[in-house]
Amino acid sequence: MANIIKTLKGTKDILPQDVNMWQFVEQKAQKIFSSYGFKEIRTPIIEITELFSRGVGDTTDIVNKEMYTFEKSDRSITLRPENTAGVVRSYIENGMSRLSAPVKLWYKGPMFRYERPQAGRQRQFHQVGVEMFGLKQPTADAEVILMAVNFLKSLGLNDLDVEINSLGCPNCRSEFKEKLKKAIKPYLKDLCEDCQNRFEKNPLRLLDCKVEDCQKIFAKPEIQDVLTSDFLCEECSEHYTELKLYLDRMGVKYTENKLLVRGLDYYTRTVFEIKSNNLGSQNAVCGGGRYDGLVSQLGGDETPAIGFAMGMERLISLIEKKEPKKLDCYIVSNFPADTFILAEELRSFGFNVEFDLANKKFAKQLEKASKVAKYAVILGEDEILKHEVSIKNLETGTQITVRREDLPKNIKQ
Ligand code: HAM
């Protein structure tokens, strides 16, 4: 026998018995996001590589190490590692800046990152996310965070931790970066290679490093002093204070985490993550923030924007498993031609119906019906002659016989 071909490392099949959970989360996303006026957008999974090197940033792990990139007709193409850059591209390309602000978009779909697979971390994973364009006011930040929390609540996830921080604007941040570099410089040679490379280009990203020796260095008091200092300019500080006031007013519980920098380069001002204690080391279910410079950086007009994305696999691992839905009816009969007609009739009323296509014995059919359906619809010789059907409720065991035309109103979907 030939070798069996298996899924690639870091990828998974989503099997029929689990798909209902995915549909449940996707339907909730659609319902909750629409209730805040967000409209769904579907962008391609492949994009020009430059979109991500310019958009996500060439000092990030995503761009440096994790992209699935290939050449086709002399063009460098990448499987999207995230979808903010793609949605921004679409916003610019389709002239959405002409629409009245805010433009509110949501998406769902697969993303690809060549990372070391582990629990909660895959190479092909799925996100649901939102992006809101055109508002610089902190009310936009508050609405987006509130909506993320309410979406998670709608999935039964009430006890997650919301962490927020402000990274300031390019102006106040550049002063902060210089101070941070000055404090870290004496230890530069002891940092890992990645940190040494990032030191000049993007010192804030050093804080994201997971190497223990680097973390020990960042815990030194003189570096912590800089990290916890208030570096925000007046406008950024006001924006952050107002956001916190709105969150307080809306009863959204959060903690401030000065070390929260996020792993992508495009963020300005507000960043946030929502974490769970039940996820092990990959504990973030949601990550997001404001990216006021990205639209112009990718060739559009100056446009403030904010959004978030959540990992579907992590969400699904946290929510209570739901049994897949049963069929409405399973027809039990040894008269295939009549059964075909009855099944089609019931389907035209919107019922989910199956019957035995292999002409198995009556008892076997009934056994199958009790496993897969809510009702067994019995169509024997007697019933056919009298233009009747018997309906057995497979949950209660009760059975009734009705005129055939009364069948639909006697079964509940
Ligand atoms: P991110 O933090 O890279 O942000 O990803 C968001 C979420 O996707 C994470 O919190 C996590 O739940 C999930 N995730 C990320 N990588 C993996 C993986 N390898 N396996 C499983 N789940 C994963 C973004 O992607 C930004 N685009 C979010 C955003 C939208 N910011 C503004 N707008």
Side-chain angles (χ1 to χ4, degrees), residues 8-12 14 25 29 33 38 41 43 47 51-52 55-57 60-63 65-68 79-91 103-133 140-141 144-145 147-148 151-152 155 157 160-165 167 205 208 260-276 278-295 303-318:
L8 286 168
K9 195 170 164 192
T11 69
K12 279 188 185 153
I14 302 165
V25 175
F33 299 160
F38 282 73
I41 183 167
T43 58
E47 298 271 5
L51 174 66
F52 303 112
V56 176
T60 60
D61 279 350
I62 294 183
V63 170
K65 305 181 191 164
E66 297 171 2
M67 295 206 301
Y68 282 88
L79 296 182
R80 62 183 184 194
E82 60 99 59
N83 208 25
T84 305
V87 173
V88 169
R89 180 207 41 72
S90 178
Y91 175 86
V103 174
K104 297 173 167 184
L105 305 169
W106 77 273
Y107 52 85
K108 59 171 191 269
M111 311 291 156
F112 304 84
R113 295 183 193 174
Y114 190 74
E115 294 187 86
R116 197 170 49 78
Q118 64 181 87
R121 192 161 76 191
Q122 290 179 205
R123 289 180 174 168
Q124 177 177 336
F125 62 98
H126 299 76
Q127 287 184 339
V128 277
V130 309
E131 312 295 347
M132 187 202 287
F133 296 92
D141 311 40
V144 163
I145 296 175
M147 183 171 76
F151 169 60
L152 292 165
L155 300 175
L157 303 174
L160 301 177
D161 302 319
V162 180
E163 290 186 0
I164 61 169
N165 191 19
L167 301 178
R205 290 289 328 288
D208 245 9
L260 182 68
V261 289
R262 309 264 307 121
L264 305 102
D265 277 358
Y266 45 63
Y267 292 113
T268 50
R269 294 192 166 168
T270 311
V271 286
F272 60 97
E273 283 190 351
I274 305 182
K275 296 177 178 171
S276 161
N278 301 324
L279 277 176
S281 67
Q282 300 303 311
N283 63 353
V285 274
C286 173
R290 186 168 267 288
Y291 48 96
D292 292 346
L294 186 58
V295 179
T303 310
I306 179 162
F308 66 74
M310 302 193 186
M312 289 280 289
E313 285 79 2
R314 294 185 196 177
L315 285 179
I316 287 167
S317 74
L318 286 175

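What you see is a predicted model, and the numbers here were worked out from it, not measured in a lab. One-based numbering, in listed order, for ligands and for the atoms of each.
- Taking any N or O of Tyr291, backbone or side chain, none lies under 3.5 Å from an N or O belonging to ligand 1.
- When non-hydrogen atoms are compared, ligand 1 lies under 4.0 Å from neither the backbone nor the side chain of Met111.
- The closest approach between Gly289 and ligand 1 falls below 4.0 Å for a heavy atom of the residue.
- Side-chain atoms of Arg113 come within 3.5 Å of backbone N or O of Pro81 as a donor-acceptor pair.
- For the pair Phe151/Val130, no side-chain contact is recorded, criterion being any heavy-atom separation below 4.5 Å from C-beta on.
- Formation of a donor-acceptor pair under 3.5 Å by the Arg314 side chain with backbone atoms of Val285 is not found in this model.
- Contact between Gly263 and ligand 1 is absent, with no heavy atom of the residue lying under 4.0 Å from the ligand.
- Counting heavy atoms only, Arg314 comes closest to atom 11 (C) of ligand 1 of the residues Arg314, Glu273, His126, Gln118.
- At under 3.5 Å, a nitrogen or oxygen of Ala284, whether backbone or side chain, sits near a nitrogen or oxygen of ligand 1.
- Using a 4.5 Å heavy-atom threshold, the side chains of Leu157 and Ser276 count as separate.
- Between Arg80 and Thr43, some side-chain heavy-atom pair lies under the 4.5 Å cut-off.
- In this structure the side chain of Arg262 never reaches within 4.5 angstrom of the side chain of Leu167, judged on heavy atoms.
- Of all atoms in ligand 1, numbered sequentially from 1 with element shown, those under 4.0 Å from a heavy atom of Arg121 are 18 (C), 19 (N), 20 (N).
- For Asn165, there are no side chain to side chain donor-acceptor pair (under 3.5 Å) partners, not counting sequence neighbours.
- Remark: ligand 1 atoms within the under-4.0 Å shell around heavy atoms of Val285 are 10 (O), 12 (O).
- Listed by atom number, the atoms of ligand 1 under 4.0 Å from Gly120 heavy atoms are 20 (N), 21 (C), 22 (N).
- Where the criterion is an N or O separation shorter than 3.5 Å, residue side chain and backbone included, Arg113 meets it with respect to ligand 1.
- Residue-ligand proximity, Glu82 to ligand 1, at heavy-atom distances under 4.0 Å covers atoms 25 (O), 26 (C), 27 (N).
- Within ligand 1, counting atoms from 1 as listed, the ones closer than 4.0 Å to a heavy atom of Thr84 are 26 (C), 27 (N), 29 (C), 30 (C), 31 (N), 32 (C), 33 (N).
- In this structure, Leu260 and Ile164 have side chains that are not in contact, with every pair of non-hydrogen atoms separated by 4.5 Å or more.
- Taking distance alone, with nitrogen or oxygen atoms compared against 3.5 Å, Ala309 stays at or beyond that limit from ligand 1.
- Without hydrogens or angle criteria, Thr303 side chain to Val295 main chain gives no donor-acceptor distance under 3.5 Å.
- Here the two rings, on Phe38 and Trp106, have centers that are 6.0 Å apart or farther.
- Looking only at distances, a side-chain donor or acceptor of Glu313 sits under 3.5 Å from a matching main-chain atom of His126.
- Applying the 4.0 Å criterion to heavy atoms of Tyr267 picks out, from ligand 1, the atoms 26 (C), 28 (C), 29 (C), 31 (N), 32 (C).
- Those atoms of ligand 1 with a heavy atom of Gly287 less than 4.0 angstrom away are 10 (O), 28 (C), 29 (C).
- Inclusion of Glu313 in the set of residues having an N or O under 3.5 Å from an N or O of ligand 1 is not warranted.
- Atom OH of Tyr68 sits in a crowded spot, with more than 12 heavy atoms from other residues, nucleotides or ligands closer than 6.0 Å.
- Evaluated by nearest non-hydrogen atom to atom 2 (O) of ligand 1, the leading choice among Arg262, Met312, Arg290 is Arg262.
- Residue Phe308 touches ligand 1 through its backbone alone, judged by heavy-atom distances below 4.0 Å.
- Of the heavy atoms in Tyr266, only side-chain atoms (C-beta onward) come closer than 4.0 Å to ligand 1.
- The salt bridge (Lys or Arg N to Asp or Glu O under 4.0 Å) analysis of residues 121-131, with sequence neighbours excluded, yields the pairs Glu115-Arg121.
- Distances below 4.0 Å separate heavy atoms of Gly288 from the following atoms of ligand 1: 31 (N).
- Residue Gln127 places at least one N or O, backbone or side chain, under 3.5 Å from an N or O of ligand 1.
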